[in-house]
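What follows is a single structure, written as structure tokens, with notes after it.
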There are 2 protein chains.
Amino acid sequence: MGPGPSAIAPRVLEAMARPVIGHLDPEFVSLMDRIKAQLQRAFRTDNPLTMPVSGPGSAGMESCIVNLLEPGETVVICQNGVFGGRLKAMAERCGATVVDVKDEWGRAVSPEKLASTLDRTPQARVVAFVHAETSTGALSDAAALAGIAKDYDCLTIVDAVTSLGGSPLEVDLWGLDAVYSGTQKCLSCMPGLSPLTMSSRALQKIGQRRKPVQSWFMDVTLVAGYWGGSARRVYHHTAPVNALYGLDEALLMLHEESMEAAWLRHQRNHAVLCAGLEALGVDFFVPPAERIPQLNTVRVPAGINEARVRERLLEDFDIEIGAGLGALAGKVWRIGLMGHSSRRENVMACLAALGHLLMDEGLKVSVAEATAEAERALR
Amino acid sequence: MGPGPSAIAPRVLEAMARPVIGHLDPEFVSLMDRIKAQLQRAFRTDNPLTMPVSGPGSAGMESCIVNLLEPGETVVICQNGVFGGRLKAMAERCGATVVDVKDEWGRAVSPEKLASTLDRTPQARVVAFVHAETSTGALSDAAALAGIAKDYDCLTIVDAVTSLGGSPLEVDLWGLDAVYSGTQKCLSCMPGLSPLTMSSRALQKIGQRRKPVQSWFMDVTLVAGYWGGSARRVYHHTAPVNALYGLDEALLMLHEESMEAAWLRHQRNHAVLCAGLEALGVDFFVPPAERIPQLNTVRVPAGINEARVRERLLEDFDIEIGAGLGALAGKVWRIGLMGHSSRRENVMACLAALGHLLMDEGLKVSVAEATAEAERALR
């Protein structure tokens, strides 16, 4: 119940333990096709270039940056947490000029600020932003931000690591161009893969590059020769076969439930947790309209030893929650309700355990009241 | 029994299916320490910077290239197969000037050619070569090549993807500076991780860089902040926890057997396969003294439909062998005897099945004779 990895469903764990087969085996090629189709459904896109990058979310992030940007190009990067800052670091390392749109940590990206920045940055070719900022718990309006980027003829790079499978994400409807995610959040699969999708507009820009992509490993044109739709797959690297068994099964489970039902489940469990935490006097760090349902960032109450509470939660109750990152270290907890971890019994167990530990730390709170409030929110 | 992934031992598959834990969990941190220590033993090194890169072998390869080279620097790259060519492509993409040492595919890298090239390339700072060329089956003398590089004050980047765990590899004794491998060859773990080790000389050069490493994801200084020896781990990316469970178990199995015993086993099973193949009239592509025991590259006999034989081996006998890559496509087969796949029963089954199919294709061969020769070599 931290900011990821989330708990992996037994079906997915079993799938990963199947005997490995060759990465060019005909059966493996069918598996790749099935994963691609399932990822397209999850991303809500028809993009032919939709595949998992063989690395963690930051490899997906860097794949988008190095393919879409060339040295000397200008990119507007919205930053309202750690991962916006990471996008900037990557863009600078590949020689792009970064123009900042800065918002307070814990708030959504401001569409107005993006528009005014683009107004005075006519040379910008690309806009990058984080849909669900895992470091702060703030959800931005990706549709609005992408609409503005399009008005200024910019492509969008969108971090959907924590949103995919947990919050509505509509790649085609919203017109997003390069979107990456992670498998260890709301897909509840093993960490280490980064689902990626790119629009035809993105591929067009990549096709017109003057310089080759600086990374051979992350050059999506090469990777797509292996994952792509062509009859003859070209070897690029050895795919992480067992992790892909798991991803296939995790996507199957997601679609058995349906995207809409999964979004609703994440929203409902968030509401239950929220009611209970309020009764415990624990405040959210993010205003209600801007919260990521699957990642609840709350302020550590005054006078509480935040590290001790987290350690005791883990040791005495087997519940992991996350600490604050960067500027938020020591100030917040991040409680994840992602994928297979987003279940009523987890919410109730977390409320009871946290309430108990807060009492132990000297706060006057009632666990019974908190769980009663949560039960009420359930109905 | 192709060029990898090799079969994964049941113990390793079971380990991967354990429930995921947080990538900053204290128990996970002990696991990381254990993996590091076991990798040091496998690489035969005391290098503190020894860890698995969270990506396949080519991510390990690119990690070495982008950290050790700066734009404008000169690197000598020995090329005797596909993977030497890949090293060159990566080095060029990061702005380095590449000077080639070319050897025939199927032959070891020539130490004399390397020395004469370094003689006329005083500006070279780094030498890169492939220890065991997976595309051709040729094993080069890494100790000799590294010795020459050192004479010319060059650091070495060494591809040990197919050698680690199968052939003697002595990182400290031979003075290798940046060595990467893969988990899906002689370690018989799931594909998707790349064990990496770097010497203090390599770290010294990295510490003196004028420009930041072009890749944020592959910047070893950042990754080492997470994997490194310091008490306080700094979050870099979410580690592929389940894959690391598997790697830990695979390394445990390797050290239970001992490195020396594993090398001997690979050598013995190679000798058995060799005797049987010779009796079948199938010739090796590589001269005896330059063969990788765990990757047997043989010429497709004249008049044989190579793809049909491979397909029937897979479909009728459940045995995968590899096709030729690049210039060797259609001309050779690559029979892997790596890690958990390097077992007597696999050798015998492969000989019997291949002999049967060659007879079916019209060759006059005796399966009985081939297996008898193999049995003889076993004694």
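Only this structure's heavy atoms are used, side chains among them; waters, hydrogens and symmetry mates stay out. In the text below, chain A, chain B and the rest are named by the order of the sequence lines, each starting its count at 1.
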Worksheet item: Hey, mind stepping through B:L24 and B:V29 against side-chain contact (heavy atoms from CB on, under 4.5 Å) and telling me if it holds?
Response: CA-CA 7 Å; B:L24 297 167; B:V29 171; 5.8 Å; no
Item to complete: Give the C-alpha distance, both sets of side-chain angles, the deciding distance and a yes or no for side chain to side chain donor-acceptor pair (under 3.5 Å) between B:S54 and B:H237.
Response: CA-CA 9 Å; B:S54 299; B:H237 65 273; 2.7 Å; yes
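Residues A:F317 and A:R312 form no side-chain contact, since every pair of their non-hydrogen atoms from C-beta on lies 4.5 Å or further apart. In this structure, the side chains of B:I8 and B:S188 stay at 4.5 Å or more apart for every pair of heavy atoms.
Side-chain contact check for A:W216 and B:E62: no donor-acceptor pair (N or O, by modelled atom type) lies under 3.5 Å. For the 3.5 Å distance criterion, the side chains of B:T297 and B:T136 fail to qualify, holding no donor opposite an acceptor.
In this structure, chain B has a heavy atom under 4.5 Å from the backbone of A:A239, while its side chain stays farther away. Of the atoms belonging to B:R18, it is backbone heavy atoms, and not side-chain ones, that fall under 4.5 Å from chain A. Neither the backbone nor the side chain of B:F28 comes within contact range of chain A, judged by heavy atoms closer than 4.5 Å. For B:Q184, the part lying under 4.5 angstrom from a heavy atom of chain A is the side chain only. Contact annotation for A:V53: neither backbone nor side-chain heavy atoms come within less than 4.5 Å of a heavy atom of chain B. Only the side chain of A:F83 has a heavy atom closer than 4.5 Å to any heavy atom of chain B. Using a 4.5 Å cut-off between heavy atoms, A:L244 does not touch chain B at all. The contact between A:L325 and chain B is made entirely by side chain atoms (from C-beta outward), counting heavy-atom distances below 4.5 Å.
When B:Q294, B:M338, B:E320, B:M1 are each tested for a side-chain contact (heavy atoms from CB on, under 4.5 Å) with B:S6, only one passes: B:M338.
Interface remark: of the candidates B:A59, B:G4, B:G57, B:A59 forms the most heavy-atom pairs closer than 4.5 Å to chain A. For chain B, the option among A:M90, A:E315, A:E311, A:E92 with the highest count of heavy-atom pairs below 4.5 Å is A:M90. No other option in A:M190, A:H23, A:Q214 has as many heavy-atom pairs under 4.5 Å with chain B as A:Q214. Interface summary for chain A: among B:G2, B:P5, B:G322, B:G55, the most heavy-atom pairs under 4.5 angstrom belong to B:P5. Ranked by non-hydrogen atom pairs under 4.5 Å with chain B, the options A:E14, A:H236, A:K211 are led by A:H236. Counting heavy-atom pairs under 4.5 Å between each of A:A15, A:A17, A:P212 and chain B puts A:A17 at the top. The candidate with the highest count of non-hydrogen atom pairs below 4.5 Å against chain A, out of B:G246, B:P10, B:G192, B:S215, is B:S215. Interface summary for chain B: among A:P191, A:A243, A:A323, A:P240, the most heavy-atom pairs under 4.5 angstrom belong to A:P191.
Although no hydrogens or angles enter the test, the distance criterion places no donor-acceptor pair under 3.5 Å between the side chain of A:S58 and the main chain of B:F217.
A salt bridge links A:R11 with A:E249: the distance from a Lys NZ or Arg NE/NH1/NH2 to an Asp or Glu carboxylate oxygen falls below 4.0 Å.
Residue B:E345 places its CD atom among more than 12 non-hydrogen atoms of other residues, nucleotides or ligands, all under 6.0 Å distant.
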